[in-house]
Amino acid sequence: MLIYNTLSRKKEEFHPINPGLVTMYVCGPTVYDFFHIGNARSFIMADIIRRYLEFKGFNVKFTMNITDVDDNIIKKSIQEKKPASEVAAYYAQAFFEDLKKLKVSAATFNPKATNHIETMINLISDLEKKGIAYNVNGNVFFDVSKFNEYGKLSGKNINELEAGARIEINDEKKNPLDFALWKKTKEGEPSWDSPWGKGRPGWHIECSAMSTTLLGKTIDIHAGGNDLIFPHHENEIAQSESAFEQKFVNYWMHFGFLNIQNEKMSKSLGNFFTAREILTKYSAEAIRLFFSQTYYGGPLNFSDELLDSAQKGAEKIINLAEKIEHSLKAATDNGVNPDFDFQKYYDDFAKVMDDDFNTPQGVAVIFDFVKAVNKIISDNEKIKIQFFVDAKKFLKDVADNVLGIISLEQLGKSSEGILEDDLIKLLIGVRETLKKEKNFSLADQIRNDLNKLGIILEDSKFGTTFKKR
RNA sequence: GGCGCUGUACCCAAGUGGCUUAAGGGGAAGGUCUGCAAAACCUUUAUUCGUCGGUUCGAAUCCGACCGGCGCCUCCA
């Protein structure tokens, strides 16, 4: 299996530290607002990577942190005149709700920064003892000049950075690139006691602390958005490797941005849609398919047209799954036993996904499968039930469990309850009679009127079936 | 200025030296099935991969130049 490693800027063969186990850390949200659909891309692609590793048989310890103390949260708490902890708790809750709606699997660990302050303080103390961190009036900074590999992840050169620096002048720093490990408290801010007085941690230190505590000093995979490469991940490496004197992360993975009209979607530009907003218009499956149809590392434009096209693609898979369900219910064991090589599709899927999680090609394998199965269904009057059992299993294993672009267990489930479904079935029955009597105008009227209510009737060789828009 | 990503059909997008005279999705056109629809199936929709050169028996894929889009270098997935 190959993974593109930002550190080496090439694809590398993946070897986890412990066979059969993968330690994976993904930078999660700062909880001061709902996350947007661009953030969702990272969360979903990380989820798909995790699920594929599990599909391959790895036990994945998947960690995603919650940054619940930070400048933006404090700003929001002042605006809303609420305690910072309340703001953070509210948006953390919303974060989990939205992830669930997007069908992102629960993480093994979701550590919150404020639960790991002690570890961070110890880590900073170690760095200070080593002479790598320095305290100026209760602010502690990391001395970038003491870590001679600084810049190795982002390909930046310290001297060039200094030359082109547009960094805010801070008299307390020895070097403009030095970054805060510990920030002295200001009036009204959340704070903790520390050897340097009351204060709060800098942003970067939390990931070093939590990753090490939960997963170990060296982990297999650390992932996040492209914009975290510098300075965030660069700083994590500097802190962790200075403190522990061993490699922090073996494989660094970064997700491309979601753009709107070729411009990065971001909170500061204001050109964003929240994930929960998009979820009112499009299914999680369509959103996941949309992201899966592009390589995770590249840029991707966002628009309603593109999501519409993904929604239609998702329906194509659902249509097949529904046909399979009807066939399974019809349950007959006489019929042809089609010559169909299911294993080939599993092999093809694994082959392309093994190449740095090539989800676009993985999706293509699924659509090839959908087409091939549809063809067999339309070419044969009766098919043995085993064929449908196997076909369903493939969709479950690959399209549902790995990519999450279909939800088999939700098929045919009515959110409105059984009564409504029974009423629709009643109308279908009436319409069947009308059709037999050649009263097509009334039969069509029933179909059209139901359609206006969002219920679509389809006549097929399985009889009349319905689905809801 | 430094570093990185990117330019493939009407739209999105894979492929990065021969397996591809270029996957897959959407759209469009024609056909089959159907009382009609829908769904599904079949056919068509890039001799061509930003432009111009070069390397090679062979390139969308490698090299060079040029043109265009984007990002990071400051909080940001």
Side-chain angles (χ1 to χ4, degrees), chain A residues 6 9 26-30 32 35-46 70-72 75 151 154-157 159-168 176-177 203 223-232 234 254-259 261-269 272 289-290 292-295 297-301 303 305-317 319-320 322-323 352 355 358-368 370-371 373-379 435 438-441 443-444 447-448 451 456-462 464-465 467:
Chain A
T6 308
R9 304 211 178 273
V26 181
C27 287
T30 300
Y32 69 101
F35 67 85
H36 62 63
I37 192 71
N39 304 126
R41 184 186 185 193
S42 292
F43 301 148
I44 286 173
M45 293 319 290
D70 144 281
D71 291 352
N72 285 314
K75 210 195 292 177
S154 54
K156 294 187 189 305
N157 172 305
N159 300 321
E160 283 168 4
L161 275 170
E162 286 183 78
R166 285 185 284 147
I167 298 170
E168 200 178 322
L177 287 171
W203 175 37
N226 256 325
D227 49 359
L228 296 183
I229 296 174
F230 190 90
H232 185 55
E234 195 72 70
H254 291 94
F255 305 112
F257 296 128
L258 192 63
N259 295 333
Q261 289 166 341
N262 285 323
E263 201 176 43
K264 178 186 173 184
M265 179 185 287
S266 76
K267 295 232 167 105
S268 42
L269 288 171
F272 65 91
L289 177 61
F290 171 61
S292 299
Q293 281 180 304
T294 306
Y295 172 66
L300 172 61
N301 261 308
S303 73
E305 291 68 38
L306 295 171
L307 272 182
D308 284 340
S309 112
Q311 184 83 50
K312 293 218 174 91
E315 275 164 23
K316 196 167 175 169
I317 306 171
N319 285 337
L320 174 65
E322 283 176 341
K323 254 191 261 181
V352 297
D355 183 8
N358 193 327
T359 54
Q361 294 202 83
V363 167
V365 171
I366 290 170
F367 279 111
D368 283 343
V370 168
K371 188 169 201 167
V373 171
N374 268 323
K375 184 162 170 52
I376 285 186
I377 293 172
S378 68
D379 283 356
K435 279 170 68 182
K438 307 272 185 214
N439 188 345
F440 295 121
S441 62
D444 288 353
R447 186 172 61 197
N448 291 339
N451 191 294
I456 298 155
L457 298 193
E458 292 180 354
D459 299 333
S460 73
K461 64 184 175 190
F462 308 110
T464 299
T465 58
K467 62 184 179 188

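Here is the naming used below: chain letters follow the sequence lines, and residue numbers restart at 1 for every chain. Computation of the quantities below employed the complete heavy-atom set of this structure, encompassing side-chain atoms and omitting hydrogens, waters and symmetry-equivalent molecules.
At a threshold of 4.0 angstrom between heavy atoms, the contacts of A/R9 are confined to the sugar-phosphate backbone, with no base atom among them. Residue contacts for A/G256: at a heavy-atom cut-off of 4.0 Å it reaches a base atom on one of the strands shown.
The listed nucleotides are B/rG24, B/rC41, B/rC75; the one nearest the side chain of A/K371 is B/rC41. Picking from B/rA13, B/rG26, B/rC42 the nucleotide with the shortest atom distance to the side chain of A/S309 gives B/rG26. When distances are taken from the side chain of A/K264 to each of B/rC75, B/rC72, B/rG26, the shortest belongs to B/rC72. Nearest to the side-chain atoms of A/E263 among the listed nucleotides B/rA13, B/rG71, B/rA37 stands B/rG71. For A/S378, taking side-chain heavy atoms from C-beta onward, the closest of the listed nucleotides B/rA40, B/rA14, B/rG27 is B/rA40.
Under the Watson-Crick or G-U wobble criterion, with both distances below 3.5 Å, B/rU34 is left unpaired in every strand shown. Under the Watson-Crick or G-U wobble criterion, with both distances below 3.5 Å, B/rA13 has no partner in any strand shown. In this entry B/rC70 has B/rG4 as its Watson-Crick or G-U wobble partner, both defining distances falling under 3.5 Å.
For the P atom pair drawn from B/rC41 and B/rU8, the interatomic distance equals 28 Å after rounding to whole Å. Atom name C1', nucleotides B/rU20 and B/rG58: the rounded distance is 14 Å, in whole Å. Comparing B/rC10 with B/rA22, their P atoms are spaced 16 Å from each other, to the whole Å.
Not a single donor-acceptor contact under 3.5 angstrom links the side-chain atoms of A/N301 to the base of B/rC12. Counting atom types as modelled, A/D444 pairs a side-chain N or O with a base atom of B/rG35 as donor and acceptor under 3.5 Å.
Rounded to whole Å, the distance from CG on A/L320 to P on B/rA39 is 14 Å. Look at NZ on A/K267: it is 11 Å from C1' on B/rC75, rounded to the nearest Å. In this entry the distance linking NZ of A/K375 with C1' of B/rC33 reads 13 Å, nearest Å. Remark: C1' of B/rG69 and CG of A/N259 are 10 Å apart, rounded to the nearest angstrom. For A/N226 and B/rG71, the CG to C1' distance is 7 Å, given to the nearest whole Å.
Of all non-hydrogen atoms in A/G28 and A/F43, the two that sit nearest each other are CA-CE2, 4.3 Å.
Between A/E305 and A/I456, the one whose closest nucleotide on RNA chain B sits nearer the 5' end is A/E305.
Stacking between A/F367 and the base of B/rG24 is absent under the criterion of ring centres within 5.5 Å and planes under 30 degrees.
Taking only side-chain nitrogens and oxygens, A/K316 comes nearer than 4.0 Å to OP1 or OP2 of B/rG25. The phosphate of B/rA39 has neither OP1 nor OP2 within less than 4.0 Å of any side-chain N or O from A/N319.
Electrostatic pairing of A/D368 and A/K371 does not count as a salt bridge here, judged by no charged N lying under 4.0 Å from a carboxylate O.
Within the 4.5 Å cutoff, the side chain of A/I377 has heavy atoms near those of the A/L320 side chain. The shortest distance between side-chain heavy atoms of A/L300 and A/F290 falls below 4.5 Å.
Side-chain polar atoms of A/N374 and A/K316 form no donor-acceptor pair below 3.5 angstrom.
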